[in-house]
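Chain naming here is simple, since letters A, B, ... match the order of the sequence lines and numbering starts at 1 in each.
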Amino acid sequence: MHKQKLHHVLKERFGYDELRPGQEEIIQAVLAGKDVVAILPTGMGKSLCYQLPAYLLGGTVLIISPLLSLMQDQVEQLKRLGEKRVVALNSFLSYQDKQRILFNLSSYRFVFTSPEMIFQPIVRDQLAKTNLSLIVTDEAHCISQWGFDFRPDYLRISDWLKTFQRPPVLALTATATSKVVHDIQEYLQMYKPFIHIHSLDRPNIRYVIEKLENQDQKTEWLVSHTKTYEGPGIIYTQSRQRAEALSAILNESGTRSGFYHAGMEQEDRVFVQQQFLSGELQWVCATNAFGMGIHKDDIRQVIHDHLPATPANYIQEVGRAGRNGNDAVAFLLYTEGDEERTRFVVNEEIPIKHFIEMINEKKSNGENPARLVDDGFMNETDFRVLSYWLERTDPVETIQIVERLRMDKNRQIQDMLKLIEDTTCLRGKILTYFGQELDESKKPLNCCSVCGVNLNNLLTKQKEELTSASFSSWEERLGQLFPI
DNA sequence: CGACGATACTATAAAGTATCGTCGGTGCCTTATT
């Protein structure tokens, strides 16, 4: 592809002179018509990897996004860049608007939508008539993380891609376990994709495991820690209730904090998010609902009040710290037995066998099995997931599949426990888990709670003042780097 | 499984303790057969 034109668009449209190393390779591969899996840390300019090609390829670029808020953000960002031919095709639209947009899909350069939306017959039909030049799956780890037991439509993307002469597919994510990469390739029907994996090590993030006796000690630790050290920070909790209770305790102790979880009204969620982004709020106590789409680069601390369900979740959440390259610390508060509660939440004691029988019974009676949800026998998520598997295999195998999923989840909790054992360097173990190696020469002095960490050097207010004193002599700077 | 809240219990009363019941993460999408 013509390099000249590429740089012209890059400069004129986006205002950049050059691409970053990873971006260049990814964009060249996309322009060459290859399927691409791009794994880049958040904040490394993922969106440019499809936005730039859109101007060179012509046609319509379809972006599949997991969250409505993410779509809105991207649409606004493109509009600010002067793009008018951009739209989010989702449930926010009125019936009229949706119809109007659907019958003019080809007039858009960027169409953002959800996996669920693609499976509405009318959307599917109209997409088939549109000249798609590229299909992008944003936050593609969702295929692996949500597809199997939460949002099965992520897996159905695979079926859809088989039904037509599809354009190249680009998968973007920051999560790179071998399972995630494998699932992406399989469910996006990729053929010998170009895979770009950026190094996952984040030398400016320090990992600390804090072993405590019980929940009350955790609370005390959090109260005193947030009094001593500066935010901004996220405290991840296991339950919505704990997020709210902890936030109240911190507020009483004089540390202003907010809470965030999926059980809140949309406007309250947006409000907390805005306050955190603007710096009005230093701390947010949140469930794992808080994160994706929160673009804040000066988060200095991510604290886990519970044991995350998988190493991938842990790294994803921790990775939200220190995006600006400044020192950041990730704490995990662990009490013996925490894994039991994580196991419970993840396993959900679903009487799967019973549910499958119920669905089959309804079907053989000629009734609509969806009634089971309406009548309160089953929650919607379980119904959707089981329906997905029952559509493509028999009940016996469905039971096996669900059992395998459960075993896999339990194994990942064990992996998580192994990760936090204080035997060898945490940073090294994390990288090994993701199939990478620790470059010893780049290992920071303050590494992890196994290698040793000096918090006072990292988190106190004093430190911030020192680093901002940019006119200090080299002797002074050396003194700061290597305090006696 | 374990945390937490409500309730009952004890018994010159008040606050500690025992027991029971409840609850626990993540998000799209609902345009129609009275």
Side-chain angles (χ1 to χ4, degrees), chain A residues 64-72 88-99 102 112-124 138-139 141-157 175 213-219 236-246 248-249 259-264 266 269 285-294 304-310 312-314 316-317 335-350 367-368 370-371 373-374 379-385 387-388 409-410 412-413:
Chain A
I64 304 171
S65 172
L67 303 180
L68 298 175
S69 60
L70 226 52
M71 292 178 213
Q72 302 303 122
L89 181 60
N90 59 34
S91 59
F92 284 164
L93 297 171
S94 67
Y95 181 73
Q96 287 79 7
D97 284 346
K98 188 176 164 189
Q99 295 293 316
L102 272 173
F112 290 83
T113 198
S114 66
E116 286 81 2
M117 192 57 100
I118 293 174
F119 297 98
Q120 292 194 7
I122 183 166
V123 176
R124 217 169 163 154
D138 199 11
E139 307 288 355
H141 59 277
C142 292
I143 293 170
S144 196
Q145 215 160 282
W146 281 353
F148 298 97
D149 62 353
F150 185 55
R151 288 176 70 177
D153 286 345
Y154 259 106
L155 304 188
R156 288 200 173 97
I157 294 174
T175 307
E213 286 302 308
N214 53 44
Q215 299 305 306
D216 287 345
Q217 267 196 20
K218 283 188 182 179
T219 306
Y236 281 109
T237 63
Q238 183 132 54
S239 69
R240 299 169 176 186
Q241 198 189 356
R242 170 71 172 163
E244 292 194 19
L246 190 58
I249 291 167
F259 59 87
Y260 185 105
H261 56 70
M264 293 158 65
Q266 195 58 34
R269 291 173 69 159
C285 306
T287 62
N288 60 3
F290 193 67
M292 249 197 290
I294 289 166
H304 280 89
D305 175 62
H306 71 298
L307 188 77
T310 71
N313 277 345
Y314 174 60
Q316 223 168 283
E317 285 157 6
T335 295
E336 225 167 296
D338 277 356
E339 59 274 18
E340 297 307 328
R341 277 175 302 139
T342 301
R343 197 165 282 143
F344 187 91
V345 169
V346 158
N347 270 328
E348 277 181 76
E349 307 278 355
I350 322 166
E367 290 177 75
N368 182 0
R371 283 290 304 272
V373 178
D374 299 337
N379 75 41
E380 201 211 347
T381 301
D382 292 342
F383 177 75
R384 287 165 67 89
V385 169
S387 299
Y388 171 84
K409 290 193 162 199
N410 283 308
Q412 294 193 74
I413 293 174

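A donor-acceptor pair under 3.5 Å is absent between the side-chain atoms of A:D153 and the main chain of A:R156, judged by distance alone.
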| request: Could you run through nucleotides 29-34 of chain B and give me one letter per nucleotide, 5' to 3': B if any protein heavy atom sits under 4.0 Å from the base, S if only the sugar-phosphate is that close, - if neither? | output: SSB---
| Test side-chain hydrogen bond (donor to acceptor under 3.5 Å, both in side chains) applied to A:Q145 and A:N313, step by step | CA-CA 9 Å; A:Q145 215 160 282; A:N313 277 345; 3.2 Å; yes
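In this structure B:dT30 sits in the syn conformation; its chi angle is within 90° of 0.
Remark: A:R240 is in phosphate contact with B:dT26, judged by side-chain N or O atoms under 4.0 Å from OP1 or OP2. Dashed line: the shortest gap from a side-chain N or O of A:T381 to OP1 or OP2 of B:dT26 is not under 4.0 Å. Contact between the side-chain N/O atoms of A:R269 and the OP1/OP2 oxygens of B:dG27 is found at a separation under 4.0 Å.
Rounding to whole angstrom units, CD of residue A:E339 and C1' of B:dG2 are separated by 12 Å. Distance, A:Q238 CD to B:dC4 C1': 14 Å, rounded to whole Å. Here the C1' atom of nucleotide B:dG5 and the CD atom of A:E244 are 15 Å apart, to the nearest Å. Between A:N379 atom CG and B:dT26 atom C1' there is a gap of 13 Å when expressed in whole angstrom units.
In this structure, the side-chain contact (heavy atoms from CB on, under 4.5 Å) partners of A:F92, at least two apart in sequence or on a different chain, are A:L68, A:Q72, A:N90. With sequence neighbours left out, A:E380 forms a side-chain contact (heavy atoms from CB on, under 4.5 Å) with A:V373, A:R384. Judged as a side-chain contact (heavy atoms from CB on, under 4.5 Å), and not counting sequence neighbours, the contacts of A:H304 are A:Y236, A:V302, A:H306, A:P308, A:Y314, A:E317, A:V318, A:L332. With sequence neighbours excluded, the residues forming a side-chain contact (heavy atoms from CB on, under 4.5 Å) with A:A370 are A:N368, A:F383, listed by chain and number.
Nearest heavy atoms, A:P66 versus A:R151: O-NH1, 2.8 Å. Taking each heavy atom of A:I413 and A:A309 in turn, the nearest pair found is CG1-O, 3.6 Å.
Rounded to whole Å, the C1' atom of B:dA11 lies 14 Å from the corresponding atom of B:dT17. To the nearest whole angstrom, the two C1' atoms, one in B:dA14 and one in B:dC9, are 13 Å apart. For B:dG5 and B:dG25, the P atoms lie 15 Å apart once the distance is rounded to whole Å.
Side-chain contact between A:V123 and A:L89: present, with at least one pair of heavy atoms (C-beta onward) separated by less than 4.5 Å.
Across B:dG24, B:dC1, B:dT26, the shortest atom-to-atom separation from the side chain of A:S239 is found for B:dG24.
Residue contacts shown for A:P115 are absent, as no nucleic acid heavy atom lies under 4.0 Å away.
Ranked by how close their nearest DNA chain B nucleotide is to the 5' end, A:E340 and A:R151 are led by A:E340.
Stacking here means ring centres nearer than 5.5 Å and ring planes tilted less than 30 degrees, and by that measure A:F150 stacks onto B:dT26. With centroids closer than 5.5 Å and planes inclined by less than 30 degrees as the test, A:F344 and the base of B:dG24 pass as a stacked pair.
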| Could you spell out the base pairing of DNA chain B in dot-bracket, with Watson-Crick or G-U pairs whose two distances are under 3.5 Å, [ ] crossing and | to another strand? | ((((((((((....))))))))))..........
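Enclosure of atom CZ in A:R124 by more than 12 non-hydrogen atoms of other residues, nucleotides or ligands within 6.0 angstrom is indicated.
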